[in-house]
S.K.: 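My questions all concern the structure below.
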Number of protein chains: 4
Amino acid sequence: MPGRPRDTSRDAVIFDATLELLTGVGYDKLSMDSIAAMAGVGKATIYRRYSGKAALVAAAVDHRAGATPPAVEAADLRGALLEIVRWLAREIAEQEIGLLGALFAGMRGDPDLAAAMRRIAHRDQAAMTRQPLDDGLLDPRGAALFAEIVPAMVVHRLVIVGEPCDERFLEHLVDDILLRLLKEGSRP
Amino acid sequence: MPGRPRDTSRDAVIFDATLELLTGVGYDKLSMDSIAAMAGVGKATIYRRYSGKAALVAAAVDHRAGATPPAVEAADLRGALLEIVRWLAREIAEQEIGLLGALFAGMRGDPDLAAAMRRIAHRDQAAMTRQPLDDGLLDPRGAALFAEIVPAMVVHRLVIVGEPCDERFLEHLVDDILLRLLKEGSRP
Amino acid sequence: MPGRPRDTSRDAVIFDATLELLTGVGYDKLSMDSIAAMAGVGKATIYRRYSGKAALVAAAVDHRAGATPPAVEAADLRGALLEIVRWLAREIAEQEIGLLGALFAGMRGDPDLAAAMRRIAHRDQAAMTRQPLDDGLLDPRGAALFAEIVPAMVVHRLVIVGEPCDERFLEHLVDDILLRLLKEGSRP
Amino acid sequence: MPGRPRDTSRDAVIFDATLELLTGVGYDKLSMDSIAAMAGVGKATIYRRYSGKAALVAAAVDHRAGATPPAVEAADLRGALLEIVRWLAREIAEQEIGLLGALFAGMRGDPDLAAAMRRIAHRDQAAMTRQPLDDGLLDPRGAALFAEIVPAMVVHRLVIVGEPCDERFLEHLVDDILLRLLKEGSRP
DNA sequence: AAATAACCGAGACGGTACGTCAAGTCTTGAG
DNA sequence: CTCAAGACTTGACGTACCGTCTCGGTTATTT
């Protein structure tokens with residue numbers, strides 16, 4: 001099949017422009033024209049790669065987030081949990097808020113896209129608890145509980161409550177909720 | 001010297017049209033023109049009352065939700081929690097999903113509006129646990145924990161996970177998380 | 001017929017505001033709201049008197065123009081013609097341009113109103129040449145020619161050519177057109 | 001590096017729709033939305049070409065009128081004048097009335113546009129008298145007088161007097177005004 | 001080497017919705 | 001019944017964005 005191959009260097013500049021504008025003005029003030037202009041790219045080049053704004057934002061967030069695995073250092077359960085929770089809170093605050101906007105906007109019209117974005121949002125959660133699981137700090141039931149509660153409360157804190165996930169909140173989350181549920185779960 | 005007073009009957013038809021279209025087509029396919037047309041109202045009449053789509057949706061959801069107090073019947077803690085959780089899940093699924101869309105869309109550009117919408121989202125949560133508190137089924141610390149965890153997990157379930165809050169999920173929420181945290185809290 | 005009588009002092013302030021705004025911003029940037037506001041009058045008070053913007057402007061121009069009869073002093077034909085032409089040019093430039101805008105805007109939708117405005121535009125023209133007629137400076141045929149040519153050329157100069165009716169133009173009009181036609185007409 | 005060039009076929013359909021609606025409903029009932037709809041064109045395509053309704057109408061009238069040169073057949077002065085006057089009266093009645101509406105509406109806010117419209121209104125008038133000039137039927141002074149008087153009286157007749165330029169009026173214009181002025185001018 | 005075919009930046013295209021503004025009508029409370 | 005104030009419906013305005021299409025021009029592969 002002949003023809004000029006896609007210029008892969010375009011992907012990077014498109015992602016950069018998308019993420020910069022996304023964090024700058026928010027999802028719904030984000031326009032494809034402005035992304036194309038900032039990236040120095042034709043709109044067709046974007047639409048050749050992504051089906052629309054929601055898909056582009058999903059891909060951009062996926063790309064950026066994919067580069068950051070956690071890497072836990074603490075050896076005790078509380079320390080490990082705090083590290084993971086800190087990383088997740090920062091990740092969501094910085095990147096995935098935009099993804100959530102895309103999710104809201106796109107999920108009605110395109111269920112497949114919504115499913116893809118949900119996969120992105122979930123993807124790290126499995127990897128996140130792998131190390132504590134391997135170290136024996138966490139059992140599978142505890143890991144599931146963690147994955148169910150922590151993202152929910154972090155997102156709720158940021159979006160609904162509208163306050164940052166500061167250290168105080170994260171310690172409260174770990175000490176008053178997670179540790180008590182996990183300890184409770186380990187009793188006979 | 002005041003002129004013609006606002007026709008309060010217009011508020012009702014505007015809210016009705018807004019909510020019907022909101023649940024029908026979703027927040028971002030919702031157009032001011034279609035609301036005005038369905039309500040039989042000029043756009044200026046809407047913009048005289050609300051600064052934009054986000055503010056209108058917030059007011060409409062506020063209006064509709066305000067009419068619904070919980071009213072718990074069960075006398076035991078588990079039953080009471082289940083009732084409240086069921087009501088909240090239904091409320092969020094039916095009404096506040098639209099509000100969340102508005103929140104995402106509007107919160108960057110208008111922090112005051114975002115704050116107002118957060119107040120709306122929070123408003124019922126205090127009243128929600130009042131009866132169990134009065135009945136002695138819940139202590140203040142437990143009520144705070146409830147208000148912190150339940151909305152977060154319900155919203156997360158609906159938006160991020162993308163699955164409905166069915167009875168199975170709600171019982172899991174009550175039995176595996178809430179009750180264990182609340183029992184734990186009552187120990188020495 | 002009982003009821004509060006119309007406050008005739010309102011007519012004056014409405015006319016004043018109308019004419020001031022008309023000369024200030026032109027016919028089509030003239031809004032009923034701004035007239036009402038400047039006049040310190042409710043819009044209903046205007047619409048109770050005039051059927052719409054075009055009718056109001058016509059009445060205002062009629063009112064203002066009606067107060068100004070010509071009063072020719074010169075005893076020779078050329079001097080008399082120049083005086084009349086000067087007055088008419090000033091009158092049209094200052095007032096009736098607005099009326100012409102109203103005429104254009106309103107004539108399609110309301111032929112009766114258009115007829116009324118044409119009557120206004122014509123009204124002075126009969127009176128204008130009365131004195132020269134009485135003095136024997138002009139015969140009826142000459143007066144008719146005058147009334148047919150002068151307003152046409154003044155309006156054309158102002159609107160189509162877009163230049164002011166300065167003394168040079170007016171003398172050209174009198175010397176090169178009017179006087180030659182009138183002299184010609186008086187020959188055997 | 002230029003992008004996609006303007007589709008010049010869009011100009012034609014826009015002009016057609018504009019002129020059809022203009023003659024149908026008149027200048028001020030003419031809406032950009034209806035033009036766009038009838039032309040099967042997005043509003044942006046119109047606004048990309050013309051700054052507003054007045055500019056569009058000016059361009060449309062210019063376009064349509066530009067295609068029509070006079071072509072005089074008569075060999076005597078009276079016949080030639082009548083032919084030209086007839087053509088001009090028809091032209092103004094059919095096309096330029098709309099342009100005059102645009103001129104009134106737009107000339108306050110945009111003097112450049114007003115100047116352009118005046119150029120359009122004047123454009124044919126030079127060419128109009130070229131043939132009689134070449135044939136020696138008219139001298140330059142007579143041609144200037146013609147161009148000054150005839151359009152003025154035709155417009156005045158149509159707009160202010162509100163009557164059509166029928167044959168009777170045109171002969172009056174030629175016999176009682178033009179010919180007498182032109183003959184007068186040729187005497188010693 | 002030439003032809004082919006998909007790519008690229010740029011930007012015009014048909015649409016849809018936005019939020020504003022004006023026209024003319026209606027509704028207060030006061031006189 | 002009139003007044004000032006101002007809310008009402010209607011409908012056009014000009015702007016912004018979407019996702020598509022069309023230019024002239026640029027690479028790679030395939031003949």
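Naming convention: chains lettered A, B, ... in sequence-line order (proteins, then strands); numbering from 1 in each chain.
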S.K.: Measure from NZ on Lys43(C) to C1' on dC26(E) and round the result to the nearest Å.
M.R.: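 To the nearest whole Å, that distance equals 11 Å.
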S.K.: As a test of reading the structure: which of dA12(E), dC21(E), dC8(E) is closest to the side chain of Ala44(B), going by heavy atoms?
M.R.: dC21(E)
S.K.: I need the NZ-C1' distance between Lys29(D) and dT10(F), as an integer number of Å.
M.R.: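 In whole Å, dT10(F) C1' and Lys29(D) NZ are 12 Å from each other.
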S.K.: Under 4.0 Å between a side-chain N/O of Arg48(D) and OP1 or OP2 of dG11(E), yes or no?
M.R.: no
S.K.: Side chain of Met32(D), heavy atoms from C-beta onward: which of dA4(F), dG14(E), dG14(F) has the nearest atom to it?
M.R.: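 Nucleotide nearest to Met32(D)'s side chain: dG14(F).
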S.K.: Kindly indicate whether the side chain of Asp7(A), heavy atoms from C-beta on, has any atom under 4.5 Å from the side chain of Arg10(A).
M.R.: yes
S.K.: Checking Asp110(B) now: which residues fulfil salt bridge (Lys or Arg N to Asp or Glu O under 4.0 Å) with it, not counting sequence neighbours?
M.R.: none
S.K.: Tell me which nucleotide among dC8(E), dA17(E), dA23(E) gets nearest to the side chain of Ser31(B).
M.R.: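 The answer is dA17(E), which lies nearest to the side chain.
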S.K.: Among dC26(E), dA7(F), dT2(F), which nucleotide sits nearest the side chain of Arg6(B)?
M.R.: dA7(F)
S.K.: In whole Å, what is the span from the CD1 atom of Ile35(C) to the P atom of dA23(E)?
M.R.: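 Atom-to-atom, Ile35(C) to dA23(E), this comes out as 8 Å.
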S.K.: In whole Å, I'd like the distance from the CG atom of Asp11(D) to the C1' atom of dA12(E).
M.R.: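 Asp11(D) atom CG is separated from dA12(E) atom C1' by 12 Å.
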S.K.: Closest-nucleotide mapping onto DNA chain F: is Arg49(B) or Pro5(A) further toward the 5' terminus? I mean the 5' end.
M.R.: Arg49(B)
S.K.: Looking for any heavy atom pair under 4.0 Å, which part of the strands does Leu30(C) touch: base, sugar-phosphate only, or nothing?
M.R.: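 Sugar-phosphate contact only.
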S.K.: Rounding to an integer number of Å, can you tell me how far Tyr47(B) OH sits from dA22(E) C1'?
M.R.: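 That distance rounds to 17 Å.
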S.K.: Measure the distance from CG on Asp7(C) to C1' on dA30(E) and round it to the nearest whole Å.
M.R.: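 Asp7(C) atom CG is separated from dA30(E) atom C1' by 15 Å.
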S.K.: So which one's nearest nucleotide on DNA chain E is more toward 5', Gly42(D) or Gly40(A)?
M.R.: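 Whichever sits nearer the 5' end wins; that is Gly40(A).
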S.K.: Out of dG19(F), dA4(F), dT15(F), which nucleotide sits closest to the side chain of Lys53(A)?
M.R.: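 Nearest to the side chain of Lys53(A) among the choices is dG19(F).
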S.K.: Once you round it to whole Å, what is the distance between C1' of dG19(F) and CG of Leu56(A)?
M.R.: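 After rounding, the reported distance stands at 13 Å.
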S.K.: Does Arg4(A) put a side-chain nitrogen or oxygen below 4.0 Å from OP1 or OP2 of dG9(E)?
M.R.: no
S.K.: Check the phosphate of dG14(E) against Thr45(D), side-chain N and O only, distance under 4.0 Å to OP1 or OP2. Yes or no?
M.R.: yes
S.K.: Less than 4.0 angstrom between a side-chain N/O of Arg10(B) and OP1 or OP2 of dT9(F), yes or no?
M.R.: yes
S.K.: Could you tell me the separation between the CG atom of Asp33(A) and the P atom of dG9(E), rounded to a whole number of Å?
M.R.: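 After rounding, the reported distance stands at 14 Å.
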S.K.: Quick one: does any side-chain atom of Thr23(C) pair with a main-chain N or O of Leu19(C) as donor and acceptor, under 3.5 Å?
M.R.: yes
S.K.: When you measure from the side chain of Arg6(D) to the backbone N and O of Asp11(D), does any donor-acceptor pair fall under 3.5 Å?
M.R.: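 No, the answer is negative, given that no donor and acceptor are paired below the 3.5 Å cut-off.
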S.K.: Got His63(B) and Ile14(B) here, is their nearest side-chain heavy-atom distance under 4.5 Å?
M.R.: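 They are not in side-chain contact.
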